[in-house]
Colleague: 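The structure under discussion is supplied below as structure tokens; questions concerning it will follow.
Protein chains get the first letters and strands the later ones, always in sequence-line order, with residue 1 at the start of each.
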Protein chains: 2
Amino acid sequence: MGNTMGDTGPRRRVTIREVAERAGVSVATASRALSGNHPVPTSTRTRVLRAARDLDYVANAHARALVGGGRKMAAVVVRQVTSPFYAQVAEGVEAEAADRGWLCVVGATGGEPQREMEFVQLMREEGARLVILVGGVVEDDAYRSRVAHYAQALDAAGARLVLCGRPAPDPDIPALVVEFDNEAGARAVTGHLLSAGHRRIVFLGGLPGNTALDARVAGYRAALAEHGVPAAAGRVVDCGLGRAAGLRAMTELLKETREFTAVVAGDDMVAAGALRAIADAGLRVPEDVSVVGYNDIPLAEDFNPPLTTVRTPAEELGRAAVRIALRDPEHASGSHHVLGTHIVVRRSVASPRGA
Amino acid sequence: MGNTMGDTGPRRRVTIREVAERAGVSVATASRALSGNHPVPTSTRTRVLRAARDLDYVANAHARALVGGGRKMAAVVVRQVTSPFYAQVAEGVEAEAADRGWLCVVGATGGEPQREMEFVQLMREEGARLVILVGGVVEDDAYRSRVAHYAQALDAAGARLVLCGRPAPDPDIPALVVEFDNEAGARAVTGHLLSAGHRRIVFLGGLPGNTALDARVAGYRAALAEHGVPAAAGRVVDCGLGRAAGLRAMTELLKETREFTAVVAGDDMVAAGALRAIADAGLRVPEDVSVVGYNDIPLAEDFNPPLTTVRTPAEELGRAAVRIALRDPEHASGSHHVLGTHIVVRRSVASPRGA
DNA sequence: CCGGCGTCTGAAAACGTTTTAACTTCCCCT
DNA sequence: AGGGGAAGTTAAAACGTTTTCAGACGCCGG
């Protein structure tokens with residue numbers, strides 16, 4: 001029993017009433033002095049402030065939100081927070097929210113729509129005024145109706161919905177879209193490979209139906225076409241994202257054929273797996289195979305070799321999401337913002353052997 | 001005015017009153033049927049539930065928390081969410097919280113005590129019932145009084161405080177400590193180097209006063225002593241953490257001397273920087289210099305070469321923090337849990353040249 | 001037929017804040 | 001002198017729930 005101070009009994013927080021009493025004013029005056037919502041002469045104000053400090057008063061956010069009809073809270077929903085890319089987006093949201101004194105909640109869904117729905121529901125209960133759904137997704141009917149429902153419900157509550165890197169099911173829906181130009185990014189990085197002389201290039205990490213990946217595949221194909229490479233020379237391996245997927249798919253591919261000189265990975269994690277698979281097969285990067293990634297995650301430059309990739313300013317994506325959502329008074333349904341990307345050249349690309 | 005959000009107009013949410021009306025019952029009955037807090041005959045219950053569904057009713061969490069006197073909310077506070085290690089801890093907390101239907105808020109401080117204090121204050125206002133402060137820290141007077149204040153204030157509000165990887169300023173303080181055995185981990189990994197034949201080993205990434213790093217340095221020194229290496233042969237470079245710090249410090253060190261054959265890095269990010277610096281200096285790992293890290297972050301195996309390091313189950317740390325805090329009804333002041341670590345051998349260590 | 005008990009229900013009292021509307025003062029202007 | 005504000009303050013009414021307390025009703029055993 002080391003705790004001598006009342007360690008038992010019901011804990012009661014100090015209320016504004018006690019502050020008011022101690023300062024010798026009414027509750028109303030205390031509230032005004034504390035919230036600064038209404039001018040109060042300096043003398044009383046300091047008296048109230050002092051009483052609050054003496055009592056270590058902490059306002060009850062619930063009571064405040066209850067009467068105020070809302071609260072400054074944003075929510076980011078991602079697949080998982082340990083993904084470097086998502087972590088950066090979340091950090092951007094958090095930072096921008098913190099700058100305005102907003103609270104930021106993050107939810108992880110593990111990719112399960114069920115958990116996404118539960119989380120959005122929870123945010124409705126909590127009165128979040130901004131919900132940011134992050135990450136590409138396969139756009140099926142279930143997705144469309146889910147998002148339509150979110151949008152309608154949040155809009156009815158006066159909250160904003162922003163979709164980061166995923167499409168709005170309908171242009172009329174009250175949701176904002178902020179995303180990168182995946183098509184352009186993939187086109188640029190594939191072009192980089194083509195310029196180095198590569199002709200047999202495989203795309204590793206397709207995920208049919210997933211809008212983000214489909215766009216990258218489209219960019220890859222467009223680049224091929226631009227450089228006059230017959231479409232048949234291209235190849236897309238639909239292994240999805242993640243290091244494990246990249247590792248497995250690349251291992252398989254190498255067992256099947258070596259008729260390619262370069263691979264563009266769906267993202268940097270896939271590239272990490274591919275790099276490992278290539279090394280395990282006794283091949284060298286970039287001498288034997290060139291590899292490019294996507295996203296430029298923080299550790300991409302520490303890969304072996306340092307990865308040439310497409311930089312997608314993820315933190316900026318998060319910041320932009322809240323900035324735009326909070327600025328834009330129109331909330332213009334179907335408002336669509338696309339952020340640019342650029343290629344960052346490191347050492348995972350060389351000219352192919354024969355060139 | 002003063003409204004930063006374009007005012008789409010304060011929309012009114014559906015209240016329980018409307019649900020009750022539609023179901024033809026009183027508010028009290030509706031509440032009981034919805035919250036299941038009190039038995040209600042099936043017929044009325046279905047009626048109420050149906051009305052709620054028809055109206056897309058969402059309970060107001062604030063009102064509920066106001067009367068209920070609390071809410072299921074946990075907060076994790078980290079330096080930055082993009083640090084792989086912290087991200088994993090946060091994920092663990094989030095997962096464990098979600099499992100119990102709790103909400104999880106994450107705050108990033110950027111390492112500034114000021115922001116830490118603001119965030120804890122915010123959590124007090126919000127009525128969080130669990131606050132988890134993560135990450136080593138220099139234990140000075142400011143820290144001690146800060147944490148003592150958090151502990152007292154949260155305890156007074158009936159909330160729990162847990163310190164992850166940072167010390168409790170006083171054993172009597174109402175806070176829980178959960179951490180890894182840094183000393184043992186560093187001892188093991190340094191021992192690994194010593195067993196390979198290394199004798200001139202430098203520790204890169206000290207941060208005097210920081211308890212986590214001090215413990216690792218202590219482990220490093222203990223290992224040296226165990227193997228009969230004179231203390232004078234050891235060297236600690238106090239460059240702090242982070243990739244940039246490791247890169248800079250290692251570059252400096254290599255300019256000054258090459259009288260060492262191995263380096264143990266303060267964590268994996270420092271190791272990443274060191275790896276790069278070593279490569280830039282034209283040396284090879286592990287042939288010329290062996291390197292080990294700390295934490296085994298997800299991409300450590302993709303470094304060049306794959307990094308031998310100490311695995312600290314970060315997600316488990318986060319899970320354990322909430323599990324212990326929520327389980328232990330005593331909250332036993334000074335309760336202290338330490339989680340084990342183990343070394344994971346990859347390819348960044350070889351026997352030194354002469355051996 | 002009555003007293004008592006169980007089961008359902010509803011009116012009203014919380015919870016802690018902000019805001020509204022009204023009430024003083026006090027001062028300046030006519 | 002008297003009227004009109006402005007400035008400072010307060011009591012009381014919200015806000016949307018849960019919970020308490022008590023009433024209504026039906027049923028059983030005496």
Colleague: Can you see which heavy atom on A:Ala321 is nearest to which on A:Val178, and at what distance?
Modeller: CA-CG2, 4.3 Å
Colleague: Between B:Thr29 and C:dT9, is there a side-chain N or O to OP1/OP2 distance below 4.0 Å?
Modeller: no
Colleague: Checking side-chain contact (heavy atoms from CB on, under 4.5 Å) against B:Ile132, which of B:Val93, B:Leu161, B:Val106 comes through?
Modeller: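 Passing option: B:Val93.
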Colleague: Looking only at heavy atoms, which two atoms of A:Pro113 and A:Arg146 are closest? And how far apart?
Modeller: CB-NH1, 3.4 Å
Colleague: Looking at DNA chain D, which of residues 37-45 of chain A put a heavy atom within less than 4.0 Å of it?
Modeller: A:Pro41, A:Thr44
Colleague: Using a cut-off of 4.0 Å on non-hydrogen atoms, how would the nucleic acid contact of A:Ala61 be classed: base, sugar-phosphate, or nothing?
Modeller: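 A:Ala61: no heavy atom of the nucleic acid under 4.0 Å.
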Colleague: Without hydrogens or angle criteria, can the side chains of B:Tyr150 and B:Glu116 be said to hold a donor-acceptor pair below 3.5 Å?
Modeller: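 There is such a pair between these side chains.
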Colleague: Whole-Å distance between C:dT17 C1' and B:His62 NE2?
Modeller: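 About 13 Å, once rounded to whole Å.
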Colleague: For B:Arg166 versus B:Val134, what's the shortest heavy-atom pair and its separation?
Modeller: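 Answer, listing the atom of B:Arg166 first, then B:Val134: NH2-O, 3.5 Å.
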Colleague: Among A:Val131, A:Leu176, A:Val147, which residue meets the side-chain contact (heavy atoms from CB on, under 4.5 Å) test with A:Leu163?
Modeller: A:Val147
Colleague: Atom CD of A:Glu316 and atom CD of A:Glu96: how far apart are they, to the nearest 0.5 Å?
Modeller: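 Interatomic distance, A:Glu316 CD to A:Glu96 CD, rounded to 0.5 Å: 8.0 Å.
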Colleague: Regarding A:Ser31, tell me which of base, sugar-phosphate or nothing describes its non-hydrogen contacts under 4.0 Å with the strands shown.
Modeller: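 Contact class for A:Ser31: base.
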Colleague: How far does CG of B:Leu66 sit from CG of B:Asn60, to the nearest 0.5 angstrom?
Modeller: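 Answer for the CG-CG pair, B:Leu66 versus B:Asn60, is 9.5 Å.
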Colleague: What integer distance in Å separates A:Arg64:CZ from C:dC15:P?
Modeller: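 That distance rounds to 19 Å.
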Colleague: By nearest heavy atom, map B:Asn60 and B:Arg32 onto DNA chain D; which one lands nearer the 5' end?
Modeller: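 The residue whose closest nucleotide sits nearer the 5' end is B:Asn60.
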Colleague: Distance from A:Met73 atom CE to A:Leu103 atom CG, nearest 0.5 Å?
Modeller: 6.5 Å
Colleague: Contact list please: residues 18-28 of chain A against DNA chain D, heavy atoms, distance less than 4.0 Å, in numerical order.
Modeller: A:Val25, A:Ser26, A:Ala28
Colleague: Starting at CZ of A:Arg17 and ending at P of C:dC15, how long is that distance when rounded to a whole Å?
Modeller: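 Computing the A:Arg17:CZ to C:dC15:P distance gives 9 Å.
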Colleague: In this structure, how many angstroms lie between the C1' atom of D:dT9 and the CZ atom of A:Arg47, rounded?
Modeller: 11 Å
Colleague: When the distance from CG of B:Leu66 to C1' of D:dT18 is rounded to whole Å, what number comes out?
Modeller: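 Going from CG in B:Leu66 over to C1' in D:dT18 covers 10 Å.
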